[in-house]
Novice: 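My questions will all concern the structure given below.
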Amino acid sequence: MKLSAVFSSSCYSSAIAKNALQPPSVITLPASAFLPPLSRKLSCRHGVSYNRLSFRRNSSFSSTAVSSSKSDSQSQGSESFFRDTLRSMETVYLNRNPTAKSILELVSSVDDEQICYDHLAFRTFGVNGYGINSLASLFLDYGYTQKEELRFPAKKLKALWFSPPNSSSQDGGSGVNGPLPRVFISELLVDQLSPRAQEIIRKYTKKSGSGNKYAALASALGSLTWEKPLYSEFQQLAGESEYSAWTLVNGYALNHVTISTHRLKSNLRNIKSLNEFIKKNGFKLNSDGGVLKVSPDGLLLQSSTVADSMPFSFSDGVVESVPCSYIEFAERLVLPQYKSLSESEIKESHRRDGFEVGNADKIFESTSKEQLTRRA
């Protein structure tokens, strides 16, 4: 059976759908609630048409809320709201990044089981309360656990990752309707930048006022909590820190989602096979440090596409193409102490967990000018 990427058509807020299809705009606060976006059909450059991406096994993609396994109705409602929020973030991401949509369609055309997300990733400014904590609070409130910190001195970044609650696992669901993914949130160490770069970032976060309190809402709406910047300021930041320039124009939008390859059922569960499949279909993979990024222990294998781009209207009237987001792939191998288990006995907990600085450092380059402009 083939699984087609057709987004379902529940009656949702048209205002959110409009934001999802446009470059980031300034968010008007306070907003009343998170609402899943209106379905709208899009055509990808690789000839695949979509409305809205939310997976359902052996059928078209569905936007129906996923029931919690918890017994009490209040907990079910809470998880439903949380997944609706993730679904809105996912929709903004997919509507702006045709490569991600096309690849999800390609993978599902071969692998007709579920497609699970290994993790979701976000970028933030580590200043004025706009760093990791501004987004982490949502996930912590819904049962996530803070794990290790990672440092990237050359990029002037730090990151934290968060593991999902053990009680939340959806059998047969895909994407944000499936097992809840890990979350990876990084922040730029603004104090380590040049005085001019700091001035630009502080200017916009200050103008945002209390926008950091609405980080998750901004991500779900596809909006900036600060004013659109001047093109000259974007260029200034890009020359010093491409991460900072990306965050200035994308804000809290999903930086990438990651397909968990080992959870696939076809031959694509091997990340090397998946990489070859993606390249043969005309997509460009991030080659920084090699296409396949391997942790020192050999148990975490990662790769990613090069980011899509979109036109952005700067506040001074200049319209220029800026990098958006990309899609990543991760294969987590079984830990040595569980090698004796049969395939049917192996759970996610038996596999390599966490993240690796060396791998992540190269994955960050998926939005770099060098990767966006190189030949396939």
Side-chain angles (χ1 to χ4, degrees), residues 2-3 5 44-48 53 55 93-94 97-121 174-175 178 181-182 184 254-309 323-334 343 346 348 351-376:
K2 301 295 183 181
L3 189 63
C44 297
R45 56 178 178 170
H46 292 273
V48 183
L53 189 61
F55 306 108
Y93 163 80
L94 291 167
N97 298 283
T99 292
K101 295 178 191 174
S102 296
I103 286 176
L104 285 165
E105 168 68 7
L106 281 169
V107 173
S108 67
S109 72
V110 173
D111 199 300
D112 60 4
E113 300 291 328
Q114 64 183 152
I115 297 177
C116 299
Y117 288 158
D118 178 87
H119 65 271
L120 309 178
S174 289
R182 299 167 184 83
F184 183 96
L254 261 174
N255 178 255
H256 65 271
V257 306
T258 301
I259 293 176
S260 179
T261 67
H262 57 270
R263 286 176 164 177
L264 299 173
K265 303 301 181 184
S266 71
N267 67 309
L268 298 183
R269 69 194 320 261
N270 179 296
I271 195 170
K272 292 180 181 178
S273 298
L274 179 59
N275 288 341
E276 287 304 312
F277 176 71
I278 289 168
K279 287 192 288 186
K280 285 178 181 177
N281 279 277
F283 296 98
K284 188 164 61 172
L285 293 174
N286 171 357
S287 63
D288 194 72
V291 167
L292 187 64
K293 288 71 164 136
V294 183
S295 61
D297 61 11
L299 299 177
L300 177 60
L301 315 178
Q302 293 170 273
S303 60
S304 61
T305 64
V306 172
D308 280 319
S309 298
C324 288
S325 304
Y326 55 95
I327 189 166
E328 185 190 323
F329 320 100
E331 182 177 358
R332 297 179 183 274
L333 302 184
V334 177
E343 186 172 342
I346 295 172
E348 190 71 6
R351 297 180 180 274
R352 209 277 200 184
D353 202 6
F355 293 85
E356 183 62 43
V357 168
N359 286 18
D361 186 69
K362 303 303 181 183
I363 295 291
F364 276 124
E365 294 299 312
S366 295
T367 58
S368 70
K369 183 178 180 180
E370 180 181 348
Q371 289 297 313
L372 265 68
T373 57
R374 71 173 175 82
R375 293 182 179 273

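Being a predicted model, the structure only gives us computed values, none of them experimental. Values below: all heavy atoms of this structure, side chains included; hydrogens, waters and symmetry mates excluded.
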Novice: Quick check on side chain to side chain donor-acceptor pair (under 3.5 Å): which of Gln114, Glu331, Glu348 does Arg263 satisfy it with?
Specialist: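 The option that passes is Glu348.
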Novice: At their closest point, which heavy atom of Cys324 faces which heavy atom of Thr367, and how far apart are they?
Specialist: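 Between these two residues, the closest heavy atoms are O-CG2, 3.7 Å.
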Novice: Heavy atoms, side chains only, cut-off 4.5 Å: are Phe283 and Leu106 in contact?
Specialist: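 Answer yes - side chains close enough.
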Novice: When you look at Asn267 and Ser273, which way does the side chain to side chain donor-acceptor pair (under 3.5 Å) test go after all the steps?
Specialist: CA-CA 7 Å; Asn267 67 309; Ser273 298; 4.6 Å; no
Novice: So how far is it from Ile271 CD1 to His262 NE2, rounded to the nearest 0.5 Å?
Specialist: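 Spacing of CD1 (Ile271) from NE2 (His262) equals 10.5 Å.
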Novice: Could you tell me whether the side chain of Ser304 and the main chain of Glu328 form a donor-acceptor pair under 3.5 Å?
Specialist: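 Side chain of Ser304 to backbone of Glu328: no pair is present.
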Novice: Where does the angle between the aromatic ring planes of Phe184 and His119 fall among parallel (under 30°), tilted (30 to 60°) and perpendicular (over 60°)?
Specialist: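 Tilted, since the angle between the ring planes falls between 30° and 60°.
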Novice: Charged N to carboxylate O below 4.0 Å: is that the case for Asp111 and Lys265?
Specialist: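 No, this pair does not count.
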Novice: Look up atom CG in Asp353 and atom CG in Leu299, then write down how far apart they are to the nearest 0.5 Å.
Specialist: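 Output value for this atom pair is 11.5 Å.
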Novice: In plain terms, say whether Lys279 and Glu276 are close enough for a salt bridge, that is, a side-chain N and a carboxylate O under 4.0 Å apart.
Specialist: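 Answer for the salt bridge query: yes.
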Novice: For Tyr326, run the side chain to side chain contact (heavy atoms under 4.5 Å, CB included) check against Leu372, Asn286, Ile363, Thr99 and tell me which one passes.
Specialist: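 When Leu372, Asn286, Ile363, Thr99 are each tested with Tyr326, the side chain to side chain contact (heavy atoms under 4.5 Å, CB included) holds only for Ile363.
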Novice: What's the verdict on side-chain contact (heavy atoms from CB on, under 4.5 Å) for Ile327 and Val257, showing C-alpha distance, side-chain angles and the deciding distance?
Specialist: CA-CA 6 Å; Ile327 189 166; Val257 306; 4.1 Å; yes
Novice: Apply side-chain contact (heavy atoms from CB on, under 4.5 Å) to Leu254 and Ser325, showing your working.
Specialist: CA-CA 7 Å; Leu254 261 174; Ser325 304; 5.5 Å; no
Novice: Hey, is the main chain of Ala330 close enough, under 3.5 Å, to the side chain of Thr261 for a donor-acceptor pair?
Specialist: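 Flag set: sc Thr261 to bb Ala330 pair under 3.5 Å.
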Novice: Measure the shortest side-chain to side-chain distance between Val107 and Leu274 over non-hydrogen atoms and say whether it is less than 4.5 angstrom.
Specialist: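 Answer yes - side chains close enough.
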Novice: Decide side-chain contact (heavy atoms from CB on, under 4.5 Å) for Phe329 and Ile278; before the verdict, give the C-alpha distance in whole Å, the side-chain angles of both, and the deciding distance to 0.1 Å.
Specialist: CA-CA 11 Å; Phe329 320 100; Ile278 289 168; 3.1 Å; yes
Novice: Please give me the minimum heavy-atom distance between Pro181 and Tyr117, naming the atom from each residue.
Specialist: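 Where Pro181 meets Tyr117 most closely, the heavy atoms are CB-O, 3.4 Å.
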Novice: Between CG of Leu300 and CZ of Arg351, what distance do you get to the nearest 0.5 Å?
Specialist: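 If we round to the nearest 0.5 Å, Leu300:CG and Arg351:CZ are 12.0 Å apart.
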Novice: Decide whether a cation-pi geometry holds between Arg332 and Phe355; the criteria are a distance under 6.0 Å from NZ or CZ to the six-membered ring centre and an angle within 45° of the ring axis.
Specialist: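 Arg332 over Phe355 ring: yes.
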Novice: Hey, could you give me the OG/CG distance between Ser295 and Leu333, rounded to the nearest 0.5 Å?
Specialist: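 Here the interatomic distance stands at 8.0 Å.
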Novice: So, taking the atom named NZ in Lys293 and the one named CG in Leu301, what distance separates them when rounded to the nearest 0.5 Å?
Specialist: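 Lys293 NZ to Leu301 CG: 12.0 Å, rounded to 0.5 Å.
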Novice: If you measure from NZ on Lys362 to OG on Ser287, what distance do you get to the nearest 0.5 Å?
Specialist: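 Here the rounded value is 10.5 Å.
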